[in-house]
Amino acid sequence: MTAQRKMLEPLDLGFTQLKNRVVMGSMHTGLEEEKGGFEKLAAFYRERAQGGVGLIVTGGISPNFRGRLTPNATQLSFSWQVRKHRIVTEAVHRAGAKICMQILHAGRYAYHPFSLAPSKLKSPITPFTPRAMSARQVRKTVRDFGKSAKLAQKAGYDGVEIMGSEGYLINQFICSRTNGRTDEYGGSFDNRSRIALDIVQEVRRNVGRDFIVIFRLSMLDLVEQGSSWDEVVLLAKRLQKAGVSLINTGIGWHEARIPTIVTSVPRAAFTWVTAKLRQEVSVPLIATNRINMPMVIEDILESGQADMVSMARPFLADPQFVNKAAAMEDDAINTCIGCNQACLDHTFRLQRATCLVNPRAAYEKELNFIAAYTPKKLAVVGAGPAGMAFAVYAAQRGHQVTLFEARDDIGGQFNLARTIPGKEEFAETLRYFRYQLAHLGVTLQLNTAATAQMLADADIDEIVLASGVVPRPLSLPGFDSPKVISYQQLLQSKATAGERVAIVGAGGIGFDVAHYLAEGSSATLQAGRWYQRWGIDTDYRQRGGLLPKAATEKPARQIWLLQRKAGTPGKTLGKTTGWVHRAMLKRHGVTSISGVTYERFDGQGLHITVQGQAQVLAVDTVVVCAGQESNLSLLPALQQSGKPVHIIGGAKLAAELDAKRAIRDAAELAMGI
């Protein structure tokens, strides 16, 4: 029975109607550039359309060569390029949704030496310095946007989204930060915003009135010399007059030093700015950023903060999001946890984007769980990320699965991750797997340490060892002290830390432990305190929405983060999230030391040697995060059982805890077993 949720109400745009209030926001997958990628892209979008979303916006497509993000990125400038786009639009339309193509000119964010921008100013996130555009090149670019929109119309798209935010070309013109021009496209705000209005008018001239035109407006730049609130309002009103159908919310530039989408950002943290603009214009507005569950959507729409919501990563995690919300099956939703590990981190490395909690995302033609020809009886040892995922995927294929877990709950390392401040979303993944295990009839045996004899005697065909990892111990003088504890003991509340703590190991776990100890609480950070921490001006009195100074906080402890190897700690953290973790530790006053040799621990503290110099850190607790080892204690006996044994997840490779690899291991084995 369909629920009467606000998100399911249609939205009338006059010349057309959207079937509901949910947009799948733009996200580049990398399929756009692969051989045969548009067929794969069609399968990707088809599943989301079948899942109930009302409107899809593609990843950014350049209107010309110089606007490409990378040398091989996709553009739509010529009629011969239309055919491959039709593969996508026809697939989406057959599945009952509408689709818009995003037109994006990278400007100074381009990763190639042919880039153009308003001024000759290198961006801090790209290696190339752009050439300043001549007025003639500006006018040609405006025409290129119009031509690209016309070709998109011919390709069957229902509309286009003009990318005017996140620090790309149009945004670069609008802000004095990146626009030092003295011609008709620089100087005053009227001149700086001229290109945005010219592009909208040119697009409308090319596509007519009965075509969706979305403008993604940077409502909150979060950079110095960003737009003022009055300028945002003025441009929005002019865009409305120019004939845009919808205005989408853009938050922050890619070079901003404020997190906007990572998991530590509170849910719906930026809808206040969309609500603020909604009081100024009548054109429908779309809210974005860290919206990942139906109840969040309902709060936004019911309170009148926006007319629609846009989600990108949540549709990677679960293509059936809208259908499940309509059926009031919220617990069945595979929730986006905002980790970025398989989506944006992949995109910025020019790899195909996918999803940590759903490895099928963007692999719909390669990774499928079709019904098994001969169902088997399978035993899975360990209910961490790999074991949970395999049990679900194998059960979807019709196998009879028994899942053994020695502890009293499923989750493994995810139960540790969700205790870290800002990683509470990991609990949603556990909720999803609990639902699926029960829904699919997996036999779950908690508090059961499976033995080789038990499995050998059981009526099963094959065994999957997903026993995870154990912390790697350090055999050093004094490390048998009760004041030397493992990260697992700490995060499971089996041991406590004092006021002065040394953390041995500065990988991802070390950073998480440092944050856990420095925060002094695992409680979710309230939005108000989060805005103050990052210096966000929610009163919008300052340009770019930045406070003159972020709030300072007193650390809960004095912490040293140590690593054996030379170099800056945290260099191996995620490309799009690592800087946030490093910034948080700096904010908390954590002292990082590299090139450390550990000597011993005694009543004086932790004795170390750094660059040949002996030091003593007067700490009362040492937390060991020195890596982990695969837990393969059962393997030798299992191999003697005569039954096939498969190893996945941390049990297979424990180099660094990697839930992305563990869940993908599970999916690939389940597909072929």
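H105 and F145 have parallel rings, their planes meeting at less than 30° on a 0 to 90° scale where 60° marks the start of perpendicular. Ring pair H254/F348 is perpendicular by interplanar angle, where above 60° counts as perpendicular and below 30° as parallel. Taking the six-membered ring for Trp and thresholds of 30 and 60 degrees, F78 and W80 have nearly parallel ring planes, at less than 30 degrees apart.
Here the CG atom belonging to L316 is positioned 12.5 Å from the CZ atom belonging to F321, to the nearest 0.5 angstrom. The CE atom of M219 sits 10.0 Å away from the CG atom of L235 when rounded to the nearest 0.5 Å. Taken from OG in S26 to CD1 in I103, the straight-line distance is 11.5 Å, to the nearest 0.5 Å.
Counting only distance, with no hydrogens or angles, the side chain of N292 and the backbone of T335 share no donor-acceptor pair below 3.5 Å. Side-chain atoms of R48 never come within 3.5 Å of backbone atoms of M24 as a donor-acceptor pair (strictly under, hydrogens ignored). At least one donor-acceptor pair closer than 3.5 Å links the side chain of R543 to the backbone N or O of G226. Between the side chain of D221 and the backbone N or O of V223 there is no donor-acceptor pair closer than 3.5 Å. Looking at E166, its side chain never comes within 3.5 Å of a backbone N or O of W253 through a donor-acceptor pair. Judged purely by atom type and a 3.5 angstrom limit, Y531 uses its side chain to pair as donor or acceptor with the backbone of A269. With H112 contributing its side chain and F114 its backbone, the two residues share a donor-acceptor pair below 3.5 Å. With R181 contributing its side chain and S119 its backbone, the two residues share no donor-acceptor pair below 3.5 Å. Proximity of a side-chain donor or acceptor of T263 to a complementary backbone N or O of C339 within less than 3.5 Å is not detected. Between the side chain of R86 and the backbone N or O of K154 there is at least one donor-acceptor pair closer than 3.5 Å.
Around the CD atom of E280, the shell of radius 6.0 Å holds more than 12 heavy atoms that belong to other residues, nucleotides or ligands. In K571, the NZ atom is not crowded: 12 or fewer heavy atoms of neighbouring residues, nucleotides or ligands sit closer than 6.0 Å.
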Going through the checks in order, is the side chain to side chain donor-acceptor pair (under 3.5 Å) test met by N340 and T577?
CA-CA 7 Å; N340 287 3; T577 57; 5.9 Å; no

Give the C-alpha distance, both sets of side-chain angles, the deciding distance and a yes or no for side chain to side chain donor-acceptor pair (under 3.5 Å) between E33 and H28.
CA-CA 10 Å; E33 288 79 42; H28 204 75; 3.0 Å; yes

Give the intermediate values and the outcome of side chain to side chain donor-acceptor pair (under 3.5 Å) for residues T271 and Q305.
CA-CA 7 Å; T271 56; Q305 295 178 75; 2.7 Å; yes

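Two residues are said to be in side-chain contact when any heavy atoms from C-beta on lie closer than 4.5 Å; F315 and V322 meet this criterion. The closest side-chain heavy-atom distance from L246 to L11 is below 4.5 Å. Side-chain contact between K98 and T16 is present, with heavy atoms from C-beta onward closer than 4.5 Å.
Judged by distance alone, the side chains of E255 and S123 never bring a donor and an acceptor atom under 3.5 Å apart. Residues N171 and S165 bring no donor and acceptor atom of their side chains to less than 3.5 Å of each other.
Taking the six-membered ring for Trp and the full ring otherwise, the centers of H85 and F38 sit less than 6.0 Å from each other.
Across every non-hydrogen atom of G107 and Q172, the tightest pair is CA-OE1, 3.6 Å. Heavy atoms only, all atoms of each residue included: L546 and D537 are closest at C-CB, 3.9 Å.
A cation-pi arrangement, defined by a distance under 6.0 Å to the six-membered ring centre and an angle within 45 degrees of its axis, is present between R352 and Y363.
Only one option out of E34, E32, E47 pairs with K40 in a salt bridge (charged side-chain N to carboxylate O under 4.0 Å, His left out); it is E34.
Using a cut-off of 4.0 Å between Lys/Arg side-chain N and Asp/Glu carboxylate O, R194 and E184 are scored as not salt-bridged. A salt bridge links E553 with R529: the closest approach of a Lys/Arg side-chain nitrogen to an acidic carboxylate oxygen falls below 4.0 angstrom.
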